[in-house]
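Indexing begins at 1, ligand by ligand and atom by atom, following the structure's order. We number each residue from 1, following the sequence as shown. Scope of the values below: all heavy atoms of this structure, side chains included, with no hydrogens, waters or symmetry mates.
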Amino acid sequence: MNKYTPVIGLEIHVELSTNSKMFCGCKNDPFGADKPNSHVCPVCLGMPGALPVPNKKAIESTVLLGLALGCSINRHSKFDRKHYRYPDLPKGYQITQYELPFCYGSELHTSEGPVRLRRIHLEEDTAKLLHAKNKGEESRIDFNRGGVPLMELVTEPDILSSAQAKEFGKKLRTIILYLGISDADLERGNMRLEASVSLRKEGETALPSYKVELKNINSFSFMEKAIQFEIKRQTALLEEGIQPAQETRGWHEQTGETVLQRSKENADDYRYFPDPDIPPIELSEELLNELKAAIPELPSAKVERWKKDYAIEERYGTMLSDDRAEADKWDALFSALKKETVPVADVVKDVANKKTAFTNQTPVAEIHAHYHAKKTADAPSPEKIAEAVATVITENAKAVADFRAGNEKAVMFLLGMVFKRLQTKLGADAIRAELLKQLKKI
Ligand code: ADP
Ligand code: ZN
Ligand code: MG
């Protein structure tokens, strides 16, 4: 049997949390509307002659993410028309960005290596189709979602496993939530994942000449499962000498399989051209500086700082930094605990391993009392201390003589020997007192 390496790239769409839609003043609230088609106007309904006006906040959110990820920014950019016919797109084209996305380049690190980011651009979401469930019923369209600002991030095909794809997606989502630019809710569909998957024979370097696009995935674990299924399906085909077809497949959770949605033998012709109704976009140096200054400490930096300041293990830090508001509470607690000389790394370890019910809301005094009591309980008993001190005194006659000759340093040496013998420094005050007591008796 041949060995194959998966080649995976992601395309991730995220609806931005702005007050209004991308090119009109309609409310951007597709999930909160009490009835369909209540947030609509000539612009987002695609009426002839209606003029689009780009949403500044949406542009800033997109650029903010790009800057947070270390991307390069196209200071001179524009919007383009991408043409296709489908009922969810009344104009017959989608306003998007073609050759000049707001952000490009950079990479995001995962435990399996870096994943290069190709681009992040801004476009408008399409309307929502409510397909007829039964024969004879009609399909309907809800334009509340039509024209909502939609950011698209595309990676290079650098991902090597389903687990890495999931890690990438989760990491990106956490950063988006930290920046507060979207709710990034997968279940509701305001964050949508598409994975392209192909297989390369081990040892080969060229990209496979086909790829299968997986769509309609609304959770990270479904994406993981869909990719795993696809790797098996494609391996079986290749083993039979069949090149998998270039197609789009959906994930079917009930059967645990991917299913054909559309075959894509020929490249689509979208007839892209600059939208003549929207002037080119110029991003000023000041705006970029303002946005840079607005980037909060990101999760990876937080985890690094926690590691440095409190010796918190990376895996635990990652767990506790997931949510920005919660992470801020942990941060405040850690600094208060450190002031009280509570071993922060131990507390975090116990929390992460569910060995304690402490939360980031537990009063410092309570945590302090617990770890202080633990320290006392772990300290050696008076009998053990007395025995260790006696042994050290008999075994170190020279240091004892030095002490009697008035050499204070000899006490430090003997104390060190007792700690070593007891294999702990817990109860140090009691140990020191016992040592002095016995020395004076000699
Ligand atoms: P298209 O022109 O069909 O849109 P792109 O080259 O723009 O294709 O890539 C779209 C997505 O597919 C990107 O996420 C990219 O990383 C991924 N991709 C490209 N080629 C492959 C491949 N051979 N196997 C897996 N993914 C791929
Ligand atoms: Zn509108
Ligand atoms: Mg593409």
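- Heavy-atom contacts from other residues, nucleotides or ligands closer than 6.0 Å to NE2 of H372 number 12 or fewer.
- The ligand atoms of ligand 1 that sit less than 4.0 angstrom from a heavy atom of E156 are 16 (O).
- Atom numbering of ligand 1 starts at 1 in the shown order; those under 4.0 Å from a heavy atom of S198 are 22 (C), 23 (N), 24 (N), 25 (C).
- Using the six-membered ring where Trp is involved, Y371 and F358 have ring planes that are tilted, between 30° and 60° apart.
- Within ligand 1, counting atoms from 1 as listed, the ones closer than 4.0 Å to a heavy atom of T155 are 13 (C), 14 (O), 15 (C), 16 (O).
- Near L10, meaning under 4.0 Å from one of its heavy atoms, ligand 1 places the atoms 14 (O).
- The two residues L172 and M191 make their nearest non-hydrogen contact at CD2-CE, 4.5 Å.
- S182 places a side-chain N or O within 3.5 Å of a backbone atom of E15 that can act as its donor or acceptor partner.
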For this session: Would you please test E247 and R233 for salt bridge (charged side-chain N to carboxylate O under 4.0 Å, His left out) and show each step?
Result: CA-CA 13 Å; E247 58 195 22; R233 189 185 71 86; 3.7 Å; yes

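- Smallest separation of non-hydrogen atoms from G317 and W306: O-CZ3, 3.6 Å.
- Between Y270 and Y98, a ring centre-to-centre spacing not shorter than 6.0 Å is recorded.
- With ligand atoms numbered from 1 in the order given, ligand 1 contributes 23 (N) to contacts under 4.0 Å with heavy atoms of Y210.
- Residue V154 touches ligand 1 through its side chain alone, judged by heavy-atom distances below 4.0 Å.
- Expressed to the nearest 10°, the angle at the Zn ion (ligand 2) joining SG in C41 with SG in C44 is 120°.
- Taking every non-hydrogen atom of P208 and a distance limit under 4.0 Å, the qualifying atoms of ligand 1 come out as 23 (N).
- Inclusion of H39 in the first shell of the Zn ion (ligand 2) is not supported: no N, O or S atom falls under 2.8 Å.
- Ligand 1 lies less than 4.0 angstrom from a heavy atom belonging to R118.
- Taking the ring axis of F168 as reference, the NZ or CZ atom of K171 does not stay both within 45° of it and closer than 6.0 Å to the ring centre.
- Which of S196, A206, P6 comes nearest to atom 17 (C) of ligand 1 through a heavy atom is settled by distance: it is S196.
- The pair D328-K302 counts as a salt bridge, with a side-chain nitrogen and a carboxylate oxygen less than 4.0 angstrom apart.
- The heavy atom nearest to atom 19 (C) of ligand 1, considering only R119, K211, R200, is found in K211.
- For ligand 1 and V7, the ligand atoms under 4.0 Å from any heavy atom of the residue are 24 (N), 25 (C).
- Considering both main-chain and side-chain atoms, V197 never comes within under 3.5 Å of ligand 1 through any nitrogen or oxygen pair.
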